[in-house]
Amino acid sequence: MSERPVLLPYADPAFVADPFPLYRQLREDGPVRRAVIAGGLDAWIVTRYEDGLAALSDARLSSDVRDASDTRLLRQLPETERESMLSNMLRSDPPDHTRLRRLVSKAFTARRVAEMRPRVQAITDGLLDAIVPAGRADLVAEFALPLPVTVISELLGVPVDDRHDFQHWTDRMIMRGAEPPDPAVVNEAWQHMRGYVTELIRAKRTDPGDDLLSGLIAARDEDQRLTEDELIAMVFLLLAAGYITTVNLIGGGVATLLAHPDQLELLRSEPGLLPGAIEELLRYDGPVSPGIARFAREDVEIAGVTVPRGATVLIASAIADRDPARFTDPDRLDITREDNAHLAFGHGIHYCLGAPLARLEGQIAIGTALARLPGLALAVPPQDLHWRPGGLRGPLSLPVTFTPGGSGPTRP
């Protein structure tokens with residue numbers, strides 16, 4: 001293994017558009033590689049599937065950024081909101097994580113997600129109704145972006161009149177554009193959002209509804225409930241983990257299918273393949289890239305390499321999910337692929353609690369778009385698409401053309 005860290009060149013548009021040749025080289029060079037990742041951070045990248053699977057379940061690797069020796073990660077969080085933002089499941093370890101997940105699971109049930117299907121379908125149809133007559137659209141700005149934030153707003157019980165502000169603050173908190181984030185803008189958005197969510201929690205305590213936030217407030221495990229900071233952190237987690245990643249799944253999924261017209265036409269002709277197609281899109285070019293960060297609590301040996309205490313460990317699901325030792329012909333998109341146990345949603349105790357909702361939104365959005373947008377094609381050359389740099393992957397815009405004035409709502 002080379003001693004010199006490999007630079008992941010996020011300033012290079014060619015790498016951002018297609019990181020997989022370098023990812024493949026990293027995996028072939030060794031199971032654990034030192035690299036400089038987004039933000040200039042030094043990390044140890046786990047590149048192979050079996051090692052990544054084991055690392056995601058290794059209790060010596062913490063999810064708490066406070067265990068990182070590089071304090072820049074902690075300083076990236078707005079100082080006034082740091083404690084709230086660290087009070088969520090994504091950034092905690094047992095026993096705190098166990099308690100939080102058990103409480104949240106009581107409100108965020110499979111039944112609640114299943115009951116959302118008609119509403120997600122209605123939102124999808126409404127967004128497509130607005131673009132179908134034109135024969136062209138930006139499927140990110142006009143479809144993939146508004147769908148998940150509307151779903152999250154409704155899931156949390158955000159009143160309709162507040163949703164414009166809610167999305168405005170969310171966009172600035174997450175800084176979804178290609179430019180480096182402006183800390184002042186991000187911090188201002190966090191302040192606005194925290195104030196709004198605090199008031200929303202207060203209102204739900206007085207007048208609960210049939211929404212997730214009311215369910216989280218009421219969730220009880222013996223004598224335990226979520227604290228105010230934990231409730232706010234859960235809202236932030238839904239926004240951070242459930243918004244832009246789902247945007248990327250939808251926008252990136254359509255872009256990937258357009259780059260593989262045989263698979264697009266197969267899916268259009270056999271919509272029953274949709275669940276498996278979503279899994280394959282997640283494996284082939286998922287919304288998180290290169291992967292999932294952990295922090296070594298102690299010196300840890302991974303695949304024969306000793307990773308020092310405090311180091312950032314990047315479990316590279318985007319690289320591991322194309323490991324030929326696990327997946328046959330891994331660089332080929334195959335929507336009929338079986339045994340597709342990808343790592344896009346993680347593994348172990350931190351496996352994504354929102355995975356069923358993301359799958360639901362992806363299936364409905366992509367399936368309905370293919371059904372209602374005949375002749376769907378890119379409106380620009382593929383090399384002119386701009387992709388999100390850093391740890392989240394997806395097109396920043398997706399200009400497309402299609403046959404205008406298509407049919408009314410069609411269920412995938």
Side-chain angles (χ1 to χ4, degrees), residues 1 5-6 8 31-48 51-104 173-174 181 183 186 190 226-227 229-230 232-234 236-237 240-241 245 288-320 343 345-353 390-392:
M1 183 182 68
V6 176
L8 299 191
V32 182
R33 296 296 314 278
R34 280 188 65 203
V36 178
I37 59 174
L41 297 170
D42 190 49
W44 299 71
I45 298 185
V46 181
T47 65
R48 298 179 185 174
D51 299 320
L53 196 69
L56 286 167
S57 298
D58 193 329
R60 298 171 299 173
L61 298 177
S62 170
S63 295
D64 191 335
V65 69
R66 288 168 291 200
D67 286 321
S69 56
D70 191 332
T71 59
R72 285 179 296 175
L73 285 164
L74 190 60
R75 294 200 307 270
Q76 286 175 1
L77 304 177
E79 186 174 358
T80 55
E81 304 302 319
R82 197 168 290 164
E83 201 56 40
S84 289
M85 294 170 68
L86 293 172
S87 300
N88 67 52
M89 295 182 301
L90 193 65
R91 298 184 185 273
S92 63
D93 297 306
D96 288 342
H97 174 270
T98 307
R99 180 182 65 86
L100 288 170
R101 190 171 182 109
R102 189 163 55 230
L103 281 164
V104 171
M173 284 161 50
I174 298 171
V186 174
W190 278 105
L226 294 169
T227 67
D229 270 349
E230 289 166 349
I232 293 170
M234 185 60 198
F236 288 168
L237 176 58
T245 51
V288 177
S289 178
I292 303 161
R294 294 286 187 266
F295 312 100
R297 296 178 186 272
E298 58 188 74
D299 290 357
V300 179
E301 185 176 307
I302 302 175
V305 176
T306 299
V307 175
R309 177 183 177 183
T312 298
V313 178
L314 195 62
I315 300 154
S317 53
I319 305 178
L343 300 179
F345 289 125
H347 177 70
I349 64 170
H350 284 283
Y351 183 82
C352 179
L353 191 66
L392 296 172

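With salt bridges taken as basic N to acidic carboxylate O contacts below 4.0 Å, none links E301 and R60. Salt bridge status for R297 with D67: present, with a side-chain N to carboxylate O gap under 4.0 Å.
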Fill in: Worked check of side chain to side chain contact (heavy atoms under 4.5 Å, CB included) between L392 and T245
CA-CA 7 Å; L392 296 172; T245 51; 3.9 Å; yes

Item to complete: Evaluate side chain to side chain contact (heavy atoms under 4.5 Å, CB included) for V36 paired with L41, printing each intermediate quantity in order.
Response: CA-CA 5 Å; V36 178; L41 297 170; over 6 Å; no

Item to complete: Apply the test side chain to side chain contact (heavy atoms under 4.5 Å, CB included) to residues T47 and V32: give CA-CA distance (whole Å), side-chain angles for both, the deciding distance (0.1 Å), then the verdict.
Response: CA-CA 6 Å; T47 65; V32 182; over 6 Å; no

Fill in: side chain to side chain contact (heavy atoms under 4.5 Å, CB included) between D64 and R91, worked out
CA-CA 5 Å; D64 191 335; R91 298 184 185 273; 5.6 Å; no

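Side-chain atoms of F345 and S317, non-hydrogen and from C-beta on, never get closer than 4.5 Å to each other. L53 has its side chain within reach of L343: a pair of non-hydrogen atoms, C-beta onward, lies under 4.5 Å apart. Side-chain contact between V46 and L314 is absent, with no heavy atoms from C-beta onward closer than 4.5 Å. R309 is not listed as a side-chain neighbour of S69, based on a closest heavy-atom distance of 4.5 Å or more. With a 4.5 Å cut-off on side-chain heavy atoms, H350 and L56 do not count as touching.
Side-chain contact of S62 with D93: a donor-acceptor pair under 3.5 Å is present, judged by distance alone.
In this structure, Y351 and G346 approach most closely via the heavy-atom pair CD1-O, 3.4 Å. Taking each heavy atom of S63 and F295 in turn, the nearest pair found is O-CE1, 3.9 Å.
Atom CG of L100 and atom CE of M89 lie 7.0 Å apart (nearest 0.5 Å). The line from CD1 of I315 to CG of L61 is 6.0 Å long, rounded to the nearest 0.5 Å. Taking CD1 of I45 as the reference point, atom CD1 of I302 lies at 12.0 Å (rounded to 0.5 Å). Atoms OG and CD1, on S57 and I349 in that order, are 8.5 Å from each other to the nearest 0.5 Å. Interatomic distance, SG of C352 versus CD1 of I292, reported as 9.5 Å (0.5 Å rounding). A distance of 6.5 Å separates OG1 of T312 from CD1 of I37, quoted to the nearest 0.5 Å.
Not one N or O on the side chain of H97 forms a donor-acceptor pair closer than 3.5 Å with the backbone of L90.
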